[in-house]
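Since we're looking at a predicted model, the values are computed, not measured.
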Amino acid sequence: MPELPEVEVVRRGLERWVAHRTVAEVEVLHPRAVRRHLAGADDFAHRLKGHRLGTPSRRGKYLWLPLEDTDQSILAHLGMSGQLLVQPHAAPDEKHLRIRVRFADTLTTAATAAGATELRFVDQRTFGGLSLHDNTPDGLPDVIAHIARDPLDPLFDDEAFHQALRRKRSTIKRALLDQSLISGVGNIYADEALWRSRIHYERPTAGFTRPRTAELLGHVREVMTAALDVGGTSFDSLYVNVNGESGYFDRSLDAYGREGLPCKRCGTPMRRRPWMNRSSYFCPQCQRAPRVTS
């Protein structure tokens, strides 16, 4: 699934191309795409018509478009294969087009540059979707109010994270993927940050010192920033920006997907282990497994 860098790439594209435009019409082409909007497809389309979209926002892996004149937002669930694409009206429909949003205005800078454009939600596997939610006083859709700030958020509290990590009584990779503790980190970037930090994914969190936590957070931020600079990580055509272009951070991965290849630091063959219905990639030499105590 897309992680923070991939979602931020999409958010930046939406900010450029759809922010401050007024919705003229919404067409829901598959009911599963709005299944989280419990009132149904017709209600979803009716409630958006005539409203002006605000600046897209993101927390961790979650992306939403606020409605400027209400206390509500459109929450986008990208799921396994969801794409938010900005396309000219005349562009052929994608095979898996689920929702089309047309705009009343064509006078914005974005619209003038590309001609009349529309926003399309495309989703091959139909795990994702759009839904409308009330906002909390902080401006978040209420259904994600429990999500922690992400490490690229200027208001992320490093000390609070360290204290929560110590109290967690878990292992470090589980903690990094706990979205109520730190958001935006998924399987790929957890493996990358742990490799850079020389930390085994099963190391207990209770033993982390402040310097060790600070070092790990530094590597989390470094790897995410590097991924953002090249458009994120795309292993197939499903992870794209709003113009349908793939990122290429997969060319720079140090750990994830490198089973059997030499560690870029010490040359030891990298290993893969099954982990929580996923895989963990690590160097057995640089990232020594914690000792098992009886």
Side-chain angles (χ1 to χ4, degrees), residues 1-2 4 6-87 89 94 96-105 108 110-111 117-123 125-147 150 179 183-184 239-244:
M1 293 181 66
L4 185 158
E6 291 75 47
V7 177
E8 175 61 15
V9 166
V10 174
R11 190 206 67 78
R12 291 177 182 182
L14 293 176
E15 182 174 12
R16 178 182 180 189
W17 295 105
V18 307
H20 313 304
R21 299 178 71 182
T22 301
V23 176
E25 181 184 6
V26 178
E27 185 179 5
V28 178
L29 302 171
H30 197 298
R32 276 185 58 81
V34 292
R35 66 188 179 281
R36 294 178 180 88
H37 185 81
L38 301 182
D42 290 343
D43 182 81
F44 178 79
H46 174 73
R47 287 178 179 272
L48 295 190
K49 187 175 181 179
H51 288 292
R52 183 177 161 105
L53 301 181
T55 301
S57 297
R58 178 194 55 74
R59 175 167 288 190
K61 307 175 188 179
Y62 294 86
L63 171 69
W64 67 95
L65 296 111
L67 305 182
E68 286 189 341
D69 52 349
T70 74
D71 291 325
Q72 294 186 310
S73 293
I74 307 165
L75 182 64
H77 301 258
L78 297 181
M80 296 285 290
S81 59
Q83 302 171 345
L84 285 166
L85 304 176
V86 175
Q87 296 280 39
H89 286 332
E94 292 78 8
H96 302 290
L97 177 62
R98 307 305 186 193
I99 300 173
R100 185 198 320 274
V101 179
R102 287 193 167 142
F103 299 104
D105 58 295
T108 63
T117 56
E118 60 190 32
L119 178 63
R120 299 178 180 181
F121 181 72
V122 177
D123 190 4
R125 299 170 183 166
T126 64
F127 292 158
L130 305 181
S131 51
L132 190 63
H133 300 276
D134 293 332
N135 294 337
T136 68
D138 292 333
L140 278 74
D142 54 13
V143 294
I144 63 167
H146 64 289
I147 300 299
D150 64 67
Q179 301 298 296
S183 66
Y239 296 164
V240 297
N241 65 17
V242 297
N243 301 118

Quick one: does [X]'s side chain get under 4.5 Å of [Y]'s, heavy atoms only?
X	Y	result
V23	V101	yes
R98	V34	no
I147	Y62	yes
R21	T117	yes
R32	T126	yes
F103	V18	yes
L85	L119	no
I99	V26	yes

Worksheet item: Just wondering, are more than 12 heavy atoms of other shown residues or ligands nearer than 6.0 Å to CG in D69?
Response: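 Yes, the 6.0 Å shell around CG holds more than 12 heavy atoms from other groups.
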Worksheet item: Counting only heavy atoms not in D43, do more than 12 fall under 6.0 Å of its CG?
Response: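 Result for CG/D43: enclosed.
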Worksheet entry | Any donor-acceptor N/O pair, H77 side chain to G79 backbone, under 3.5 Å | no
Worksheet item: Has the side chain of R52 got a donor or acceptor atom that lies under 3.5 Å from a matching backbone atom of H20?
Response: yes
With rounding to the nearest 0.5 Å, note down the distance linking [atom1] in [X] to [atom2] in [Y].
X	Y	atom1	atom2	value
H37	F44	NE2	CZ	7.0 Å
L67	L53	CG	CG	6.5 Å
S57	L63	OG	CG	8.5 Å
S73	D142	OG	CG	9.5 Å
L132	T70	CG	OG1	7.0 Å
E8	R58	CD	CZ	4.5 Å

Minimum heavy-atom distance between [X] and [Y], given as atom pair plus value:
X	Y	answer
G50	T22	O-CG2, 3.6 Å
A24	A104	CB-N, 3.5 Å
P141	L75	CG-CD1, 4.2 Å
E15	A19	O-CB, 3.4 Å

Have [X] and [Y] got a donor and an acceptor in their side chains that come within less than 3.5 Å?
X	Y	value
S81	D123	yes
H51	E68	no
Q83	E94	no
R35	S131	no

Worksheet item: So which of V143, I144, L140 actually passes side chain to side chain contact (heavy atoms under 4.5 Å, CB included) with H133?
Response: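 Considering V143, I144, L140, a side chain to side chain contact (heavy atoms under 4.5 Å, CB included) with H133 is found only for V143.
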Practice prompt. Kindly indicate, with the supporting measurements, whether the criterion side chain to side chain contact (heavy atoms under 4.5 Å, CB included) is fulfilled by K61 and E6.
Written response: CA-CA 8 Å; K61 307 175 188 179; E6 291 75 47; over 6 Å; no
Discussion item. As a test of understanding, state which of H89, E118, E25 forms a side chain to side chain donor-acceptor pair (under 3.5 Å) with R100.
Written reply: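 Per the side chain to side chain donor-acceptor pair (under 3.5 Å) rule, the option paired with R100 is E118, out of H89, E118, E25.
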Worksheet item: Under the side chain to side chain contact (heavy atoms under 4.5 Å, CB included) criterion, do K49 and R47 qualify, and how do the steps go?
Response: CA-CA 6 Å; K49 187 175 181 179; R47 287 178 179 272; over 6 Å; no
